[in-house]
Trainee: 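Sharing a structure here in structure tokens format.
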Number of protein chains: 2
Amino acid sequence: MTTSVLAETLRKHSKLSESKIAKVVAAYKPFPTKHNQVLVRKGDIAKYLYFVEKGYLRVFVTDASGNQFTRFLIEQGMEGTAFPSFISQNVSSASVQCVGKAEVLRISYDELQKLYRAVPEFERPYRKIIELAYVASIYRIESLISMNARERYIQLLREKPKWVQQLPANVIAEYLGITKETLSRLKSAK
Amino acid sequence: MTTSVLAETLRKHSKLSESKIAKVVAAYKPFPTKHNQVLVRKGDIAKYLYFVEKGYLRVFVTDASGNQFTRFLIEQGMEGTAFPSFISQNVSSASVQCVGKAEVLRISYDELQKLYRAVPEFERPYRKIIELAYVASIYRIESLISMNARERYIQLLREKPKWVQQLPANVIAEYLGITKETLSRLKSAK
DNA sequence: CTTAGCTGTTGATAAATGTCAAAAAAATCA
DNA sequence: TGATTTTTTTGACATTTATCAACAGCTAAG
């Protein structure tokens, strides 16, 4: 039986047989990364979808003054990339980077299309993933338009305590849409 | 040949035959609405997906003090509802309301599932719709975390000038995540 | 056509958050 | 380990945005 976070995740979220799981897992290739390695650079086309076996990836954009803003954090057991670029195969406005050390698998756009043909039942979990990612983004929009910095921080602390523990404060701040100084003050105030 | 905004939209975004288009269109029922009518109330389960033939719908949430925040605006030719509730068939944290007068069609969750079985090629445009909605929400998150109120307003003016012209200022303000006073000042300042 | 209620504007002020600079603390790697 | 770099905290101050209140304009329905 295949053992990997990817295999575990497929068992948990789909009803694929062990042989189909093995096929899917075989299509994702381990991709060795260095500390903070950039996987997709702004201006590139996102050719790969990344599955996180260990650690975190961040998807971020940069403004004219060089400030960085974290669009998404991808944790162990999740997959992602610069999504708009990946589905359209156009250049990406965002970059994707490992947060510190991370272990990832990757599958190319073309290989993924082949996989859909080889394992048609894999389409359903894929669509579910997109739906869930969409729902998550709806709630993120909701908190960004309706809550202030403190409320958003408290919500993150409640819903993703591990992120706050494990990720550098500046990454958390970028994700919340505030500066690292403001986050630091929120922490010390309570 | 069926004539409706829905039929037009299907012709434009899919390769369905006229007979399939007729089937899809037949499954969506006209739903008469009053001025500012609420279609989904917070606490309800979103049982219907709404297609906008004319006007706009807004999806909004309310905070403890009764302030409203517009999560999404749905314009002519688009469809939507309280999406997280619709796909999970759980109670909704958001409400859906007509902005002024609107003409809508609707299809129930169950009828939609039947439609997928009756017209399997309809699944693909549905998935595309979700993917596009997801991409749109990614860009919305991006502007909320990386831009200030003025920048977001200018971007909206550039990308959706009609919304700014046609929708009440307080709805635009809620969509931008700012107060109506701040929006009013942004307008007069330039 | 008129009035009651929304909708939008403006002013004064307060609160939240950002910016810049510097010091302190922590993490990395040679 | 020690040196170097990166991250985090703190302070002073500036800017942005919200809040509250008053008023003006508009609009929909009688």
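Since this is a predicted model, take the numbers as computed values, not measurements. Order of the sequence lines fixes the chain letters, A, B, ..., with proteins taken first and strands second; residue numbering starts at 1 for each chain.
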Trainee: Can you tell me the distance, in whole Å, between the CG atom of A:Leu183 and the P atom of C:dT19?
Mentor: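 Computing the A:Leu183:CG to C:dT19:P distance gives 15 Å.
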Trainee: In whole angstrom, what separates A:Arg150's CZ from C:dT17's P?
Mentor: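 Result: 8 Å.
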Trainee: For the side chain of A:Glu181, starting at C-beta, report the closest nucleotide among C:dC20, D:dT8, C:dT9.
Mentor: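 The closest nucleotide is C:dC20.
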Trainee: Which is more 5' along DNA chain C, the nucleotide nearest B:Ala169 or the one nearest A:Arg152? Just name the residue.
Mentor: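 Looking at the nearest nucleotide for each, B:Ala169 comes out on the 5' side.
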Trainee: Could you state the atom-to-atom distance from CG of B:Asn36 to P of C:dG5 in whole Å?
Mentor: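 One finds 16 Å between P of C:dG5 and CG of B:Asn36, rounded.
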Trainee: Looking only at the side chain of A:Lys187 (C-beta and beyond, no hydrogens), which of the listed nucleotides D:dT9, C:dT9, C:dG18 gets closest?
Mentor: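 The closest nucleotide is D:dT9.
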Trainee: Provide, to the nearest angstrom, the distance between the CG atom belonging to B:Leu186 and the P atom belonging to D:dT15.
Mentor: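 Interatomic distance, CG of B:Leu186 to P of D:dT15: 17 Å.
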Trainee: Which part of the nucleic acid does A:Ile178 contact within heavy-atom distance under 4.0 Å: base, sugar-phosphate only, or nothing?
Mentor: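 The residue A:Ile178 makes sugar-phosphate contact but no base contact.
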Trainee: Does C:dG18 have its OP1 or OP2 closer than 4.0 Å to a side-chain nitrogen or oxygen of A:Thr179?
Mentor: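 Yes, within the criterion.
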Trainee: From the list C:dT10, D:dT9, D:dT17, which nucleotide is the closest neighbour of the side chain of B:Ser184?
Mentor: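 Given the options C:dT10, D:dT9, D:dT17, the side chain of B:Ser184 is closest to C:dT10.
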Trainee: Using a heavy-atom cut-off of under 4.0 Å over every strand shown, decide if B:Gly177 touches base, sugar-phosphate, or nothing.
Mentor: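 The answer is sugar-phosphate, as B:Gly177 gets under 4.0 Å only of primed atoms, P, OP1 or OP2.
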Trainee: Establish, from distance only, whether the side-chain atoms of B:Ser137 and A:Ser137 form a donor-acceptor pair under 3.5 Å.
Mentor: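 Yes.
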Trainee: Find the distance B:Leu176:CG to D:dT17:P and express it as a whole number of Å.
Mentor: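 Atom-to-atom, B:Leu176 to D:dT17, this comes out as 11 Å.
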Trainee: Whole-Å distance between D:dG25 C1' and B:Lys180 NZ?
Mentor: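 Rounded to whole Å, this separation is 15 Å.
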Trainee: With respect to the side chain of A:Pro168, which nucleotide from C:dA16, C:dT7, D:dT8 is positioned closest?
Mentor: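 Nearest listed nucleotide: D:dT8.
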Trainee: Counting heavy atoms from C-beta on, name the nucleotide in D:dT9, D:dT17, C:dT10 closest to the side chain of B:Ser188.
Mentor: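 From the listed options, C:dT10 comes nearest.
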Trainee: Between B:His35 and B:Met147, just flag the one whose closest nucleotide in DNA chain D comes earlier from the 5' side.
Mentor: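 On the 5' side of the pair lies B:Met147.
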Trainee: Of the candidate nucleotides C:dT10, C:dT7, D:dT9, which contains the atom at the shortest distance from the side chain of B:Asn170?
Mentor: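 For the B:Asn170 side chain, the nearest candidate turns out to be C:dT7.
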Trainee: Examine the side chains of B:Gln89 and B:Tyr109 and answer whether a donor and an acceptor come within less than 3.5 Å of each other.
Mentor: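 No.
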Trainee: Could you state the CG-C1' distance from B:Asn148 to C:dA16, rounded to the nearest angstrom?
Mentor: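 The answer, rounded to whole Å, is 14 Å.
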Trainee: Just the rounded figure in Å: distance from P of D:dT8 to CD of A:Glu174.
Mentor: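 So the two atoms are 10 Å apart, to the nearest Å.
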Trainee: Among the nucleotides C:dT9, C:dG18, C:dT17, which one has an atom lying closest to any side-chain atom of A:Ala149?
Mentor: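 Between C:dT9, C:dG18, C:dT17, the one nearest the side chain of A:Ala149 would be C:dT17.
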Trainee: Parallel under 30°, tilted from 30 to 60°, perpendicular over 60°: which one fits the rings of B:Tyr134 and A:Phe83?
Mentor: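 Geometry flag for A:Phe83 against B:Tyr134: tilted rings.
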Trainee: Indicate, yes or no, whether a donor-acceptor pair under 3.5 Å links the base of C:dG8 to the side chain of B:Arg185.
Mentor: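 Flag unset: no donor-acceptor pair detected.
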Trainee: Validate the cation-pi geometry between B:Arg158 and B:Tyr153: distance from NZ or CZ to the six-membered ring centre under 6.0 Å, angle to the ring axis within 45°.
Mentor: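 That pair does not qualify as a cation-pi contact.
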Trainee: Can B:Tyr50 and B:Glu79 be counted as having a side-chain donor-acceptor contact under 3.5 angstrom?
Mentor: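 No, because no side-chain N or O of B:Tyr50 sits under 3.5 Å from a partner of the opposite role on B:Glu79.
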Trainee: For B:Glu111 and B:Tyr28, test the side chains for any donor-to-acceptor distance below 3.5 angstrom and give the result as yes or no.
Mentor: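 B:Tyr28 and B:Glu111 do not have a side-chain donor-acceptor pair below 3.5 Å.
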